[in-house]
Amino acid sequence: MPVSHKEGALPEKAAELLHIEKKDIISWKITKKSIDARKKPDIYFIYTIDVEVAEEEKLLRRLSRNFRTRAGMRGIQIQKAEEISYHFPKAMMPSDAGRPVIIGTGPAGLFCGYLLAKHGYRPILLERGKAVEDRRKDVESFWKTGVLQPDSNVQFGEGGAGTFSDGKLNTLVKDRNGRNREVLRIFARAGAPEEILYEAKPHIGTDLLMRVVRNMREEILTWGGEVRFESKVTDILIDSGAIRGVVINDTERLETDTVVLAIGHSARDTFQMLYERAVPMEAKSFAVGLRVEHPRRMIDRIQYGMEENPFLQAADYKVTAKTESGRGVYSFCMCPGGYVVNASSEKGRLAINGMSYSGRAGRNSNSAVIVTVTPEDFESGHPLSGIAFQRMLEEKAYQVGHGSIPVERYGDFKKAVTGKEPEPSRIVQEYPDFTPEQKGGYRSSSVETDAVPFAQAQMEFAPVHLILPESLNLAFIEGMEQFDRKLPGFQDSGVYVSGVESRTSSPVRICRDETGQSTVRGLYPCGEGAGYAGGITSAAMDGIYIAEKIAEHGF
C-alpha cells in the first residue's frame, strides 16, 4: 500500500484480494507492517493482515489455485492464519518461605519478576539503582554537571541500560515458544503503543519506555511481589553447593533458595564477587567501537530517496562487513533522529551509547560501528579479562575527552590512522548547520574548563583515534569503506566520530545448564549480563525462560 493510504483502505484491499464484499469481513487486524523502499522514492508499506470471515474453510476452497498463484506472483499469499500462543508451564505451588530473589530490574529481571509475580511466586526484586523516575533525574543531572552517581546512571537503575537507548524491540532470536510475542503483549499492556505488536522493527523510545517500566513495576506489586531500590547485592551465601541467600548493602542478610542473576552487562563489581565465590564463568567474545553521526536528512535521502515525508519516521539502516583480517564490523544500536549519550558508570572511565525518543525527531542519526573482539585480544585468559580490556579503552576515552565525550571528524580520524589526506566533505557543504547531537557535553583535548554542552563549546576536536588499538582502528575504517558502497556518503570526511562504545554486550558468560541453573544450585544466570541475550527483547525473553525454569523445578 502507498504510505499515504487511509486506514479504511486495508479492509477494502483485503476484500478485493479475497473476492468478497467488505461487509463480509467480520474483523481484521494487522499482524505485520514493514517498509518497501526498493523503488525509492516510491515507498510502500507491506502488510500482513489477519481477516475473520464467515465460512472461512469454504472461502479458502473457493480461492482457486490459479488465483492464489496469480496473487503470489504479485507478492500476495493467502492462507489460514495460525498464531503461536504463549503458555506458562504448569507450576509447582509456591511456598510461603524462601521467596525467589531477582538481582537486577533490567528487561531480564523485570520480565522474570513479572511472570513469577503473575503466577503467585511473590518474588523480591533487588535493584542497586533507583526507581526509573528518580534515576532519570540523576542521569539528566550527570549530563548537565558531569557529577556521576555510581549506582544511578545510564547503566544502573530500574529498566536497565536499555532504558536510555532507542528502545528497539526487534530480535533475531527464534520465537518457537511465543515468548517474543508475549514480551510485546506485556509491553503494550503496560502502555507501549499497540503498533509494536505488528511493526517489523518496533521501538518505544526512552521517553515511553520509562513509563512502561514503571507500570510493570506497579503490576508486580499488585500481584504480591516486592521491588527494593538502592539495594545492592554485595555477597551471595552458598552452603553445600547450593544458594542459601544474599547480602544486601554489606549489612542485611536475606535468605532464599532461589536467586536470579539478572545483573546486566556493566555490574563489574558483582562479576568480581561471583568470581571470588567460585561461580563458574568464562570470558566471551563481544564488540567495541565508535559511534558515528550523520545528518538525519542525509540518511533519509539515502534510504527513502527523499529528505522529508510526513508518513515516514526517520530512516534506519543495518550494515555489516568482514575485514581482510577476518574481523566482523557492523552497525549496532542505530538511533534514527537520536543522540549520542555519555553512558559512563565508573569514575575516570568514559563509555557512550545512542538514544532516541519515541518521535525520533533529532537533527542527527547515529549508530555505533563496532568491531568484534575475542578473548585472544585480551591480555590474559582470566574470566574477567574482557572487563579489563573495556576499562582500558574507557580510561583512554576519558583522557582524550578530559571527562566529556571526545569527538573527531572522520576525515581527521582516518588521516591520523592511515596518513591519507581526507576528501572534501559534501556534508559540510550541504548541511552547514551539522553539529553533534549529544547528551552529556562535548569537550576537545584543548579545552581545560569544566565540561560544557557542545552548543557552548569551541568547535575543536579530540584525538578519538588514540582510543582503540591500531588493529581495531584499521578494521573500523575498512568497515566504513564497505558501508559507503551500500550507503553512499557514509564515510564522508565530515562525519562525527565519538568514543568509546564498549558496552555492546557482556564480556562474561556465567555458565548454566539445561535447567537454567549454575553448578551452584538455585542460582539462575539470566539475560544479557550473564551472556545469554543481546538487547531488550532477547533479555526479556530470557527472563521469561528463567521464570519457566523456576516454575518447573520449584524452589
Side-chain angles (χ1 to χ4, degrees), residues 84-89 100 102-119 121 123 125 127 132 155-199 201-206 208-220 223 225 227 260-267 333 504-506 510 512 516 524-551:
I84 300 175
S85 299
Y86 174 76
H87 299 285
F88 194 74
I102 299 169
I103 306 175
T105 59
L110 193 63
F111 273 80
C112 184
Y114 187 94
L115 267 291
L116 288 176
K118 183 177 181 180
H119 291 89
Y121 285 84
L125 282 71
E127 170 56 56
V132 69
Q155 305 297 341
F156 299 135
E158 187 179 26
T163 302
F164 294 92
S165 69
D166 185 54
K168 293 178 182 63
L169 300 181
N170 53 304
T171 178
L172 298 178
V173 176
K174 300 296 183 183
D175 190 29
R176 298 183 179 90
N177 300 297
R179 295 189 191 111
N180 187 358
R181 292 291 298 171
E182 184 65 8
V183 167
L184 297 178
R185 289 190 193 101
I186 291 171
F187 270 135
R189 283 199 295 267
E194 291 290 329
E195 288 82 3
I196 67 170
L197 297 174
Y198 56 77
E199 287 182 338
K201 297 180 180 180
H203 79 102
I204 299 181
T206 271
L208 297 184
L209 192 54
M210 291 183 186
R211 183 179 70 196
V212 168
V213 166
R214 185 177 64 248
N215 290 343
M216 288 184 65
R217 179 221 308 163
E218 294 299 326
E219 283 276 70
I220 291 171
W223 290 324
V227 184
V260 177
L261 289 173
I263 57 179
H265 58 42
S266 294
C333 188
T504 57
S505 64
S506 178
I510 305 175
R512 72 187 187 193
Y524 290 82
C526 179
E528 188 163 346
Y532 297 98
I536 293 172
T537 302
S538 60
M541 292 169 67
D542 199 59
I544 292 176
Y545 167 78
I546 291 299
E548 294 167 0
K549 292 299 180 183
I550 291 172

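Only this structure's heavy atoms are used, side chains among them; waters, hydrogens and symmetry mates stay out.
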**Residues Glu219, Lys118; criterion side chain to side chain contact (heavy atoms under 4.5 Å, CB included); working and verdict** = CA-CA 8 Å; Glu219 283 276 70; Lys118 183 177 181 180; over 6 Å; no

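Taking every heavy atom of both residues into account, Ile546 and Cys112 meet most closely at CG2-SG, 4.2 Å. The nearest pair of heavy atoms linking Tyr532 to Pro525 is CE1-CB, 4.3 Å. The nearest pair of heavy atoms linking Asp175 to Arg181 is OD2-N, 3.4 Å. Closest approach of Glu158 and Val132 over heavy atoms only: OE1-N, 2.8 Å. Considering every non-hydrogen atom in both Gly109 and Leu125, the closest pair reads O-CD2, 3.9 Å. Across all their heavy atoms, Pro107 and Ile536 have their closest contact at CB-O, 3.5 Å.
Ring geometry for Phe111 versus Phe187: interplanar angle over 60°, hence perpendicular rather than tilted (30 to 60°).
Only one option out of Leu169, Val173, Thr537, Ile544 pairs with Asn180 in a side chain to side chain contact (heavy atoms under 4.5 Å, CB included); it is Thr537.
Between Val260 and Ile550 the shortest side-chain heavy-atom distance falls below 4.5 Å.
A salt bridge links Glu548 with Arg179: the distance from a Lys NZ or Arg NE/NH1/NH2 to an Asp or Glu carboxylate oxygen falls below 4.0 Å.
Not one N or O on the side chain of Ser506 forms a donor-acceptor pair closer than 3.5 Å with the backbone of His265.
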